[in-house]
Amino acid sequence: MTSFWTSKRIRLRGIEPGDGAAFMRLTEDEERSGDVLHPPRSAESYRVRANELAAAKSDGDCFRLAIEAVDTGEVVGAVGSHYADPNAGRFEYGVTIGADHRREGYAAEAVVLLLRYMFAERRYHKCEAKVFAYNEGSLALQRRLGFVEEGRLRDHVFLAGRYHDLVILGMLADEFTRRHPVSEL
């Protein structure tokens with residue numbers, strides 16, 4: 001292993017000032033897939049945001065990382081932790097992969113690296129993921145990783161003119177360790 005943050009095909013790294021164009025593509029892909037809907041933004045706004053993220057101080061256990069393909073150096077997605085509550089031992093995570101790179105295993109590798117850090121190094125007890133009920137690909141990914149459906153919030157999110165259910169999934173640290181042992185490093 002060359003780094004804790006590197007797997008066979010990806011490397012998680014901090015966001016760099018030059019990542020604005022990559023994040024613009026990721027946002028456009030999310031909009032096409034129906035996961036977000038925002039007013040159009042300029043390429044300059046993405047460049048500025050990438051500069052802000054690159055220069056931002058750490059927010060404890062809440063952070064966003066670029067997912068870079070080891071073989072090409074291309075940013076293929078992003079992953080991050082948010083809503084981390086060290087007192088409760090719980091955090092949420094999110095991952096997005098560019099449309100050209102979906103279903104290639106990049107998301108699973110990135111999530112395993114992130115969860116290994118949060119569970120083994122930061123000593124969190126539980127991770128939660130929230131997924132739109134219609135996003136079958138993301139739900140399948142969560143289940144393959146070992147997440148268990150814990151609930152469904154009916155008509156919880158309004159997006160693209162209608163309400164959607166939100167599925168809440170969770171995984172405990174010991175469940176993760178059984179499925180993804182540290183010896184895999």
Reported CG-to-CD1 distance for the pair Leu26 and Ile97, which is rounded to 0.5 angstrom
8.0 Å
Could you grab the distance from atom CZ of Arg25 to atom CG of Asp19, nearest 0.5 Å is fine?
9.5 Å
Parallel, tilted or perpendicular: which one describes the rings of Tyr163 and Phe158, with boundaries at 30° and 60°?
perpendicular
So Arg116 and Phe4, side chain to side chain contact (heavy atoms under 4.5 Å, CB included) or not? Walk me through it.
CA-CA 9 Å; Arg116 185 169 284 137; Phe4 183 91; 4.0 Å; yes
What closest approach, in Å, do Cys127 and Leu115 show between heavy atoms, and which atom pair accounts for it?
SG-CD2, 3.6 Å
Under 4.5 Å between side-chain heavy atoms, hopping through other hydrophobics if needed: is there a path connecting Tyr134 to Leu166?
yes
To check you understand the geometry: which heavy-atom pair defines the closest contact between Asn51 and Pro17, and what is its length?
OD1-CB, 2.8 Å
So, taking the atom named CG in Asp61 and the one named CZ in Arg122, what distance separates them when rounded to the nearest 0.5 Å?
4.0 Å
So, are Glu150 and Lys126 salt-bridged, with charged N and O less than 4.0 Å apart?
yes
Identify whether Tyr93 and Val148 are in the same connected component of the hydrophobic contact network (ILVMFWY, side-chain heavy atoms under 4.5 Å).
no
Any donor-acceptor N/O pair, Ser45 side chain to Arg41 backbone, under 3.5 Å
no
Hey, are the side chains of Ile10 and Leu113 touching, using non-hydrogen atoms and a 4.5 Å cut-off?
yes
Do Tyr46 and Leu65 land in one hydrophobic cluster if side-chain heavy atoms of ILVMFWY residues count as linked below 4.5 Å?
no
With sequence neighbours left out, write down each residue that passes ring-ring contact (aromatic ring centres under 6.0 Å, His included) with Phe91, or none if nothing qualifies.
Phe119, Tyr124
Mind checking the CG-CD1 spacing from Leu53 to Ile15? Nearest 0.5 Å is all I need.
4.5 Å
Ion pair Glu104/Arg9, N-O distance below 4.0 Å:
no
Determine whether Phe176 and Leu172 fall in the same hydrophobic cluster, where Ile, Leu, Val, Met, Phe, Trp and Tyr are linked whenever their side-chain heavy atoms lie under 4.5 Å apart.
no
Evaluate whether atom CD of Glu136 has more than 12 neighbouring non-hydrogen atoms of other residues, nucleotides or ligands under 6.0 angstrom away.
no
Walk me through it: do Asp174 and Arg179 pass the test salt bridge (Lys or Arg N to Asp or Glu O under 4.0 Å)?
CA-CA 9 Å; Asp174 62 334; Arg179 288 179 83 102; over 6 Å; no
Heavy-atom side-chain contact between Val95 and Ile67 under 4.5 Å
yes
Is there a side-chain contact between Met118 and Arg123, using heavy atoms and a 4.5 Å cut-off?
no
Taking atom CD1 of Ile168 and atom NE2 of His156, what is their separation to the nearest 0.5 Å?
7.0 Å
Between Asp165 and Arg152, is there a salt bridge with N-O shorter than 4.0 Å?
yes
Please determine whether side chain to side chain contact (heavy atoms under 4.5 Å, CB included) holds for the pair Val157 and Phe132, giving the CA-CA distance in whole Å, both sets of side-chain angles, and the decisive distance to 0.1 Å.
CA-CA 8 Å; Val157 179; Phe132 291 124; 3.5 Å; yes
Can you name the residues that form a ring-ring contact (aromatic ring centres under 6.0 Å, His included) with Phe23, not counting sequence neighbours?
none
Please report the C-alpha distance between Cys62 and Tyr83 in whole Å, then the side-chain angles of each, then the deciding distance to 0.1 Å, and finally whether the side chain to side chain contact (heavy atoms under 4.5 Å, CB included) criterion is met.
CA-CA 7 Å; Cys62 298; Tyr83 304 116; 5.9 Å; no
Do NZ/NE/NH1/NH2 and the carboxylate oxygens of Asp59 and Arg64 come within less than 4.0 Å?
no
Using the side chain to side chain contact (heavy atoms under 4.5 Å, CB included) rule, take Val112 and Leu145 through it: C-alpha gap first, then chi angles, then the decisive distance, then the call.
CA-CA 8 Å; Val112 167; Leu145 290 169; 3.9 Å; yes
Say you draw a straight line from CD of Glu128 to CD of Glu92; how long is it, rounded to the nearest 0.5 Å?
5.5 Å
Is it true that Glu109 and Lys8 make a salt bridge, defined as a side-chain N closer than 4.0 Å to a carboxylate O?
no
Per-pair distances, 0.1 Å, donor-acceptor, side chain in residues 72-79, under 3.5 Å, sequence neighbours excluded:
residue, atom, partner, partner atom, Å
Thr72, OG1, Glu74, N, 3.2
Glu74, OE1, His101, NE2, 3.4
Glu74, OE2, His101, NE2, 3.2

Please answer: with hydrophobic residues joined when any side-chain heavy atoms are less than 4.5 Å apart, are Trp5 and Val70 in the same cluster?
no
Locate the shortest heavy-atom distance separating Arg13 from Arg11; write the atom from each residue and the value.
CD-NH2, 3.1 Å
